[in-house]
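Quick notes on the structure that follows.
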Protein chains: 2
Amino acid sequence: MARMAAKDRREELIAAAFRVMVRDGVTKATTRAIVNEAKMPLGVFHYCFSSREELLQEVLTRFTARSADAARNALQEGGDLGLRVSKSLGAFWDGVERGPGEHQVTYELTHYALRQAGFEELARRQYQSYLEVHQGLLMEAAEAEGIRWTVPVPVLARYLNAVLDGLILCWLVDRNGEDSREVLRLTGEHLLTLAERKE
Amino acid sequence: MARMAAKDRREELIAAAFRVMVRDGVTKATTRAIVNEAKMPLGVFHYCFSSREELLQEVLTRFTARSADAARNALQEGGDLGLRVSKSLGAFWDGVERGPGEHQVTYELTHYALRQAGFEELARRQYQSYLEVHQGLLMEAAEAEGIRWTVPVPVLARYLNAVLDGLILCWLVDRNGEDSREVLRLTGEHLLTLAERKE
DNA sequence: CCGCATGTTGGTCGCTCGTCCAAGACGCTG
DNA sequence: CAGCGTCTTGGACGAGCGACCAACATGCGG
């Protein structure tokens, strides 16, 4: 095998773990499956990571950041608030339908973390991050449109996060994209009724 | 060990698996952990079940039925539609906070089923069941109150299911019951705006 | 009372897993 | 060129897993 800095190998292993998890699920992402995906001998693993858990921690934080980015990037500009909201939700949903595995893994990791001693904090940070992103987007939109929300932003962020999370989960199971988009539309309309012009 | 019909032993093993899963998670519910919980020798397991998967199927369908019952039982009667909705959502949430582990296992089982070849159908039935329960409750409420929903009931059911599912998931992680109940209140109010008096 | 279906038991097989290690190869620095 | 830190590799380990089985116990129907 070509000589490579341990740091670089770590990155490749994380990327490989990423692919294995999306393809086969978190539980199937064994040390052997990961090094196999990365085309490396098994011994490499514990030269780069002190344990499998260490890699999982790394992967979890990166998935969290990725999801947050995905939500942020879905934000669409231009038009009035209504158009803006519906376009943003639509863009977010396009991302979901384009790469469902990624979201699926995110949930799997959350549940894994909730059960693993010492990982609870990571799960908490994960959802803390989601809520913060939603709060940020809501406040941004409010500022840009000159409105304010008639409901506390943290509550609104939790509501938005819940709808999206629950909707994705349901869609992962039954793949009913039509009704899912209808729910999204409904939620968007609801959001509009919670905005009032700033005097 | 006292002599017992295989049928009865199956039930006890299922109950034991139930307890192990709620306490330690689905992945920890090994054949050994389950027979240990049931205080039976290991050999019993494959005398009562042809495989661990067979037991998991059984457990999954029972969890599904249990969740559906929990939702149905949360339905509160009396008062106008507004009171009815908010009391029902509140009762449902009380159940969640009283026994979080049960819901947690439900999610774990869903994700397990989504990854396990031949189990996808069970996950689909699980969410099909949830959606049907919500549809039923919505139609029941509409009939009793003499209103009709301005949004197709399947969409509304999916919306309700998504909010509850997503909210529970978020709460399982950060245990913020206060904001969660606020979201519930918000959702209840939203529901009311989607009902119109039947002419 | 015998025979047979049914239930019980402890041990064992083969496999996969995370982890560890010894021995060697590489390549920079002095 | 010698020395040394860094990296590479294949194999081995002990533990835990699902599954299986042979031998034995029980109790009911004839």
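Note on naming: letters A, B, ... go to the chains in the order of the sequence lines (proteins, then strands), and numbering restarts at 1 for each one.
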query = How would you label the contact of Tyr47(A) with the nucleic acid (heavy atoms, under 4.0 Å): base, sugar-phosphate, or nothing?
reply = base
Whole-Å distance, Lys28(B) NZ to dC17(D) P, equals 10 Å
Exercise. Determine the contact category for Met4(A): base if any of its heavy atoms lies under 4.0 Å from a base atom, sugar-phosphate if only primed atoms, P, OP1 or OP2 are that close, otherwise nothing.
Key: sugar-phosphate
Taking the six-membered ring for Trp, is the centroid-to-centroid distance between Tyr159(B) and His190(B) below 6.0 Å?
yes
Which word best sums up how the rings of Tyr130(B) and Tyr127(B) line up, parallel for under 30°, tilted for 30 to 60°, or perpendicular for over 60°? perpendicular
(Q) Under 4.0 Å, counting only non-hydrogen atoms across every strand here, what does Ala2(A) touch: a base, just sugar-phosphate, or nothing? (A) sugar-phosphate
So the contacted stretch of DNA chain C, first to last nucleotide with an atom under 4.0 Å from a non-hydrogen atom of chain A, runs from dC17(C) to dG27(C)
note: His46(A), atom NE2; dG10(D), atom P; distance rounded to Å ~ 17 Å
With Thr31(A) as partner, the option from Leu55(A), Leu42(A), Val44(A) fulfilling side-chain contact (heavy atoms from CB on, under 4.5 Å) is Leu42(A)
Whole-Å distance, Phe49(A) CZ to dC7(D) P, equals 14 Å
The correct set of residues in residues 6-16 of chain A placing a heavy atom under 4.0 Å from DNA chain D is Ala6(A), Arg9(A)
request  = Considering only NZ, NE, NH1 and NH2 on the basic side and carboxylate oxygens on the acidic side, decide whether Arg19(A) and Asp24(A) come within less than 4.0 Å.
outcome  = no
Against the side chain of Ser51(B), the closest entry in dA12(D), dG18(D), dA19(D) is dA19(D)
| said: Test of understanding: clusters of I, L, V, M, F, W, Y form through side-chain heavy atoms closer than 4.5 Å, transitively. Do Tyr47(B) and Val59(B) belong to the same one? | reply: no
DNA chain C nearest-nucleotide lookup for Thr27(A) and Arg32(B): closer to the 5′ end is Arg32(B)
For Phe119(A) and Tyr112(A), run ring pair (Phe, Tyr, Trp, His ring centres under 6.0 Å): C-alpha distance rounded to whole Å, both residues' side-chain angles, the deciding distance at 0.1 Å, then the answer.
-> CA-CA 8 Å; Phe119(A) 272 65; Tyr112(A) 171 86; 5.6 Å; yes
Practice prompt. Taking only Lys NZ, Arg NE, NH1 and NH2, and the carboxylate oxygens of Asp or Glu, determine whether Asp69(A) and Arg72(A) approach each other closer than 4.0 Å.
Written response: yes
In B/S/- notation (B base, S sugar-phosphate only, - none; protein heavy atoms under 4.0 Å), nucleotides 21-30 of chain D written 5' to 3' is ----BBS---
| Quick one: do the Gln128(B) and Glu132(B) side chains pair a donor with an acceptor below 3.5 Å? | yes
Take atom CD of Glu196(B) as the centre, draw a 6.0 Å sphere, and report whether it contains more than 12 heavy atoms from other residues, nucleotides or ligands. yes
note: Phe45(A), atom CZ; dG11(D), atom C1'; distance rounded to Å ~ 18 Å
task: Indicate yes or no: does Glu108(A) engage Arg115(B) in a salt bridge with an N to O separation below 4.0 Å.
output: yes
- Query: Should the ring pair Phe63(A) and Phe18(A) be called parallel, tilted or perpendicular, given that the plane angle runs from 0 to 90° and is split at 30 and 60?
  - Reply: parallel
